[in-house]
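Below is one structure, written out as structure tokens, with a few remarks after it.
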Amino acid sequence: MRTALVTGGAGFIGSALVRLLGERGYAVRVYDDLSLGKVEHLEGTGADLVEGDVRNVDALTDAARGCGVVFHLAAGTGVQPSIEDPFADFDLNGRGTLSALSAAHRAGATRFVFSSSNAPLGAGAYPASETKPVAPLSPYGAGKAAGEAYCSAFHGAYGLEAVVVRFSNAYGPRSAHKGNVIPTFIRRLLEGEELVLYGDGSQTRDFVFVTDLADGLVRAAETEGVGGEIFQLASGVETSLATLVSLLGDVSGREPPVRREPPRSGEILRNYSLIDKARERLGYAPQVRLEDGLRLTYEWFTSRRAAVAP
Ligand SMILES: NC(=O)c1ccc[n+]([C@@H]2O[C@H](COP(=O)([O-])OP(=O)(O)OC[C@H]3O[C@@H](n4cnc5c(N)ncnc54)[C@H](O)[C@@H]3O)[C@@H](O)[C@H]2O)c1
């Protein structure tokens with residue numbers, strides 16, 4: 001049986017990946033310090049959980065023994081916290097990825113898949129593509145760029161088939177702890193609070209459903225001859241926040257209350273990713289339309305709310 005290790009596997013995207021790996025017949029080991037992830041995210045998956053910090057190379061190496069592939073998702077995910085404390089961010093995202101690569105190599109894994117983002121591309125990320133120059137605007141983006149560079153280095157120096165996948169804006173079940181716009185809007189809707197739109201709502205994002213990302217991650221692990229490469233994983237669709245609000249109205253059955261605020265300085269106005277390379281080389285083809293994914297996400301939030309209600 002194929003065995004996979006998932007760092008950050010108790011988190012939002014990691015737990016979707018763990019589910020898919022189980023469905024595809026992998027034995028799955030999760031390595032997570034549970035700082036943000038939750039044991040309940042792994043319920044029903046049958047995955048083994050090893051509690052630990054990714055920066056502990058020895059413990060991570062032990063956890064990775066016998067695994068052919070290591071998926072590295074554990075990270076600090078905030079741009080703002082990285083601006084406030086760039087050293088802490090580097091420690092987790094820069095050193096943490098080097099540590100995970102080193103553990104995978106020492107444990108004898110042949111494939112490593114690193115979850116990056118469009119943050120390394122900075123202001124040039126419209127549309128995001130693998131060919132754009134790296135020019136991060138935040139320490140978080142610099143940490144991800146460093147991780148990408150170490151993947152290339154481990155492929156070049158040690159022959160580890162390290163693959164980088166860059167996610168756009170992910171959404172889906174088990175995202176209650178996330179600060180992205182979709183979970184934030186759904187939380188506010190359920191609390192009866194206003195959704196805040198900065199500017200006229202014409203700013204765009206590429207929203208990708210979490211099961212499509214999980215599928216892309218598995219393809220990055222299973223496709224031959226892609227070591228040392230970078231792939232954009234996204235929906236490839238550009239959606240304005242005004243459209244998102246309207247779709248959330250359809251899903252929730254009532255028009256969301258919206259409060260408009262002045263535009264925020266420095267906010268990225270337009271964003272989406274080109275996914276042609278992933279389509280061609282990995283056979284990646286996102287399946288979930290935004291309206292369907294939003295419905296599934298909204299239902300997950302409402303059922304969870306019902307479960308925790310007094
Ligand atoms: N959510 C998005 O839209 C998005 C976009 C681009 C990239 N990404 C990347 O995808 C990955 C997963 O993101 P997510 O949204 O699922 O976040 P998440 O916070 O839900 O998951 C991260 C997981 O890592 C764990 N973790 C954090 N620090 C750790 C440490 N030192 N040692 C061990 N485990 C640790 C957390 O407990 C959590 O379970 C991250 O690398 C993130 O940068 C996410």
Side-chain angles (χ1 to χ4, degrees), residues 5-19 29-42 47 49-57 59-60 63-64 70-79 81-82 88-100 103 112-121 125 128 136 138-148 151 164-184 205-214 216-217 220 230-235 268 271-273 293 297:
L5 182 83
V6 183
T7 77
F12 161 47
I13 300 170
S15 58
L17 171 64
V18 168
R19 279 188 167 66
R29 217 170 284 160
V30 167
Y31 188 92
D32 199 301
D33 69 354
L34 300 181
S35 53
L36 285 166
K38 295 184 173 46
V39 175
E40 72 199 45
H41 288 166
L42 298 172
L49 172 65
V50 180
E51 223 177 304
D53 191 304
V54 280
R55 291 161 294 188
N56 184 340
V57 187
L60 188 50
V70 172
F71 294 91
H72 177 50
L73 286 85
T77 54
V79 168
S82 82
D89 181 83
F90 173 77
D91 201 49
L92 194 48
N93 290 328
R95 189 161 77 87
T97 301
L98 173 58
S99 166
F112 184 91
V113 183
F114 170 49
S115 295
S116 186
S117 84
N118 291 338
L121 298 178
S138 67
Y140 171 71
K144 287 292 190 193
E148 293 184 355
C151 284
V164 174
V165 286
R166 287 181 181 153
F167 303 152
S168 64
N169 200 311
Y171 72 101
R174 300 178 194 84
S175 59
H177 60 293
K178 300 295 297 180
N180 303 25
V181 61
I182 290 179
T184 302
R205 299 288 179 267
D206 182 324
F207 298 111
V208 62
F209 195 63
V210 70
T211 55
D212 282 328
L213 285 185
L217 280 157
I230 297 178
F231 294 92
Q232 303 288 154
L233 291 184
S235 71
I268 290 169
N271 198 3
Y272 83 101
S273 304
T297 309

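These figures come from a predicted structure and were not determined experimentally. Counting convention: from 1, in listed order, for ligands and their atoms alike.
Nearest protein heavy-atom neighbour of atom 9 (C) of ligand 1: Phe167 CD1, 4.0 Å. Nearest non-hydrogen protein atom to atom 32 (N) of ligand 1 is Val54 N, 3.0 Å. Here the protein heavy atom with the shortest distance to atom 34 (N) of ligand 1 is Asp33 N, 3.2 Å. In terms of protein heavy-atom proximity, atom 7 (C) of ligand 1 is nearest to Ser116 O, 3.3 Å. The protein non-hydrogen atom at the shortest distance from atom 40 (C) of ligand 1 is Leu73 O, 3.1 Å.
Any N or O atom pair closer than 3.5 Å counts here, and Ser117 shares no such pair with ligand 1. Taking any N or O of Leu92, backbone or side chain, none lies under 3.5 Å from an N or O belonging to ligand 1. Not one N or O of Gly76 is nearer than 3.5 Å to an N or O of ligand 1, by distance alone. When only interatomic distances are considered, the shortest N/O to N/O separation between Phe12 and ligand 1 falls below 3.5 Å. At least one N or O atom of Asn180, backbone or side chain, sits closer than 3.5 Å to an N or O atom of ligand 1.
With respect to Glu40 and Arg174, no salt bridge is recorded, no charged nitrogen being found less than 4.0 Å from a carboxylate O.
With a 4.0 Å cut-off on non-hydrogen atoms, His72 does not touch ligand 1 at all. The part of Lys178 lying near ligand 1 is the side chain, judged by heavy-atom distances below 4.0 Å. Contact annotation for Ser175 and ligand 1: no heavy atom of the residue comes within less than 4.0 Å of the ligand. By the criterion of a heavy-atom distance under 4.0 Å, the side chain of Tyr140, and not its backbone, is placed next to ligand 1.
Side-chain N or O atoms of Lys144 include one that pairs as donor or acceptor with a backbone N or O of Ser115 at under 3.5 Å.
Checking Ser273 against Asn118 by side-chain atom types alone, a donor-acceptor pair falls below 3.5 Å. His72 and Thr97 are linked by a side-chain donor-acceptor pair at a separation below 3.5 angstrom, with hydrogens and angles left out of the test.
The ligand atoms of ligand 1 that sit less than 4.0 angstrom from a heavy atom of Gly52 are 32 (N), 33 (C).
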